[in-house]
Enquirer: 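Take a look at this one; I'll ask things after.
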Amino acid sequence: MNQNLDILITEESIRKRVKELGEKISSDYAGREIIAIGILKGAWVFMSDLVREIEIPVICDFIGVSSYGDAAVSSERVKLISDIRIPINGKEILLIDDIIDTGFSINFVKGYIKSMNPAGIKVCVLLDKPSRRKLDIHVDYTGFTIPDRFVVGYGLDYAEKYRNLPYIAAIK
Ligand code: IMP
Ligand code: MG
């Protein structure tokens, strides 16, 4: 165990919560099909576990944005790095991200996806750091609300490292 890390959310708690989110999403969208769009890179670990807990038909795609560079401070400038690949006009979209912090990333992606005329857009994040929010964004599904600490693991990185940790930890 890395001595610079404090475990905030264990692997077991994550597994339990992801299962609950999958059940809730499956019942909310019962009888329908969704397109899950993961925001790269942070969302991929969470998304891979979440979609396996969803029991309705799910189509997966990804969108790449960058806001941080390698720094641990947020940026209001969000840039599209890679686009989705499937048509989403008239479809139900579930946007998936690792964490909502200031809200700039999700706000940008939501606006961009909305311009493609889907039937609806919902937002699902594993983590919410509400204390740092700068934009009023509605989040439909939240895994855990966390304090204002920089966290890594389960897809989240610090300078591209730690994404492979199976738990969520704060950097000391
Ligand atoms: P926002 O645009 O400020 O809401 O930031 C969202 C993005 O910043 C997330 O998708 C993450 O990639 C990154 N981010 C925000 N907080 C953290 C953190 O504590 N650890 C790692 N990445 C973070
Ligand atoms: Mg991200």
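In each ligand, atom 1 is the first atom listed, and ligand 1 is the first ligand listed. Residue numbers start at 1 and run along the sequence shown. Treat the numbers as computed from the prediction; the structure is a model and nothing was measured.
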Enquirer: I'd like to know if Lys41 contacts ligand 1, where contact means a heavy-atom distance under 4.0 Å to any ligand atom.
Expert: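 Under 4.0 Å: no for Lys41.
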
Enquirer: Run down the list Phe150, Tyr162, Phe108, Tyr158 and name the one with the heavy atom closest to atom 17 (C) of ligand 1.
Expert: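 Shortest heavy-atom distance from atom 17 (C) of ligand 1: Phe150.
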
Enquirer: Classify the side-chain pair Asp28/Tyr141 by whether it contains a donor and acceptor separated by less than 3.5 Å.
Expert: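 Looking only at side-chain atoms, Tyr141 and Asp28 do form a donor-acceptor pair, the distance falling under 3.5 Å.
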
Enquirer: What I want to find out is whether Asp128 reaches Arg133 closely enough, with some N-O distance under 4.0 Å, to be called a salt bridge.
Expert: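 Looking at Asp128 and Arg133, the cut-off is met.
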
Enquirer: Just going by heavy-atom distances, which of Arg133, Lys129, Lys134 is nearest to atom 19 (O) of ligand 1?
Expert: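 Among Arg133, Lys129, Lys134, the closest heavy atom to atom 19 (O) of ligand 1 comes from Lys129.
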
Enquirer: Using a 4.0 Å cutoff against the non-hydrogen atoms of Asp157, which atoms of ligand 1 qualify?
Expert: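 Numbered from 1, ligand 1 contributes 21 (C).
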
Enquirer: Measure across Val78 and Phe108 and return the closest heavy-atom pair with its distance rounded to 0.1 Å.
Expert: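 Nearest heavy atoms, Val78 then Phe108: CG1-CD2, 3.6 Å.
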
Enquirer: Check each atom of ligand 1 against the heavy atoms of Ser105 and keep those under 4.0 Å away; list them by number with element.
Expert: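 The list of qualifying atoms is 1 (P), 2 (O), 5 (O), 6 (C), 7 (C).
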
Enquirer: Taking only heavy atoms of Leu156, which atoms of ligand 1 are found under 4.0 Å from at least one of them?
Expert: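 Close to Leu156: 20 (N), 21 (C), 22 (N).
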
Enquirer: Does Arg85 come within less than 4.0 Å of Asp61, counting only side-chain N to carboxylate O?
Expert: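 So Arg85 does not pair with Asp61 through a salt bridge.
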
Enquirer: So if I count the atoms of ligand 1 from 1 in the order they appear, which ones are less than 4.0 Å from some heavy atom of Phe104?
Expert: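 Checking each atom against Phe104, I get 2 (O), 4 (O).
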
Enquirer: With a cut-off of 4.0 Å, which atoms of ligand 1 are near a heavy atom of Arg149?
Expert: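 Going through ligand 1 atom by atom, the ones under 4.0 Å from Arg149 are 19 (O).
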
Enquirer: With respect to Ile84, which candidate in Ile63, Ile35, Ile93 satisfies the side-chain contact (heavy atoms from CB on, under 4.5 Å) definition?
Expert: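 For Ile84, the side-chain contact (heavy atoms from CB on, under 4.5 Å) test succeeds with only one of Ile63, Ile35, Ile93, which is Ile63.
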
Enquirer: Where the closest heavy atom to atom 4 (O) of ligand 1 is concerned, which of Gly103, Ser66, Gly42 has it?
Expert: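 Answer by nearest heavy atom: Gly103.
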
Enquirer: Below 4.0 Å from ligand 1: does a non-hydrogen atom of Asp97 turn up there or not?
Expert: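 Yes, Asp97 has heavy atoms under 4.0 Å from ligand 1.
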
Enquirer: Pick one of side chain, backbone, both or neither for how Thr102 approaches ligand 1, counting any non-hydrogen atom pair under 4.0 Å.
Expert: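 Within the 4.0 Å criterion, Thr102 contacts ligand 1 through backbone and side-chain atoms alike.
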
Enquirer: Is the positively charged end of Lys24 above the ring of Tyr29, judged by distance under 6.0 angstrom from the centroid and angle within 45° of the axis?
Expert: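 No, Lys24 does not lie over the aromatic ring of Tyr29.
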
Enquirer: Tell me the contacting part of Ile106 for ligand 1: side chain, backbone, both, or neither, using a 4.0 Å heavy-atom threshold, strictly below.
Expert: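 Looking at Ile106 and ligand 1, no heavy atom falls under 4.0 Å.
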
Enquirer: Taking the six-membered ring for Trp, is the centroid-to-centroid distance between Phe150 and Tyr158 below 6.0 Å?
Expert: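 Under 6.0 Å, so yes.
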
Enquirer: May I ask you to say whether Arg15 pairs ionically with Glu12, meaning some side-chain N is under 4.0 Å from a carboxylate O?
Expert: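 A salt bridge is absent here (no side-chain N lies under 4.0 Å from a carboxylate O).
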
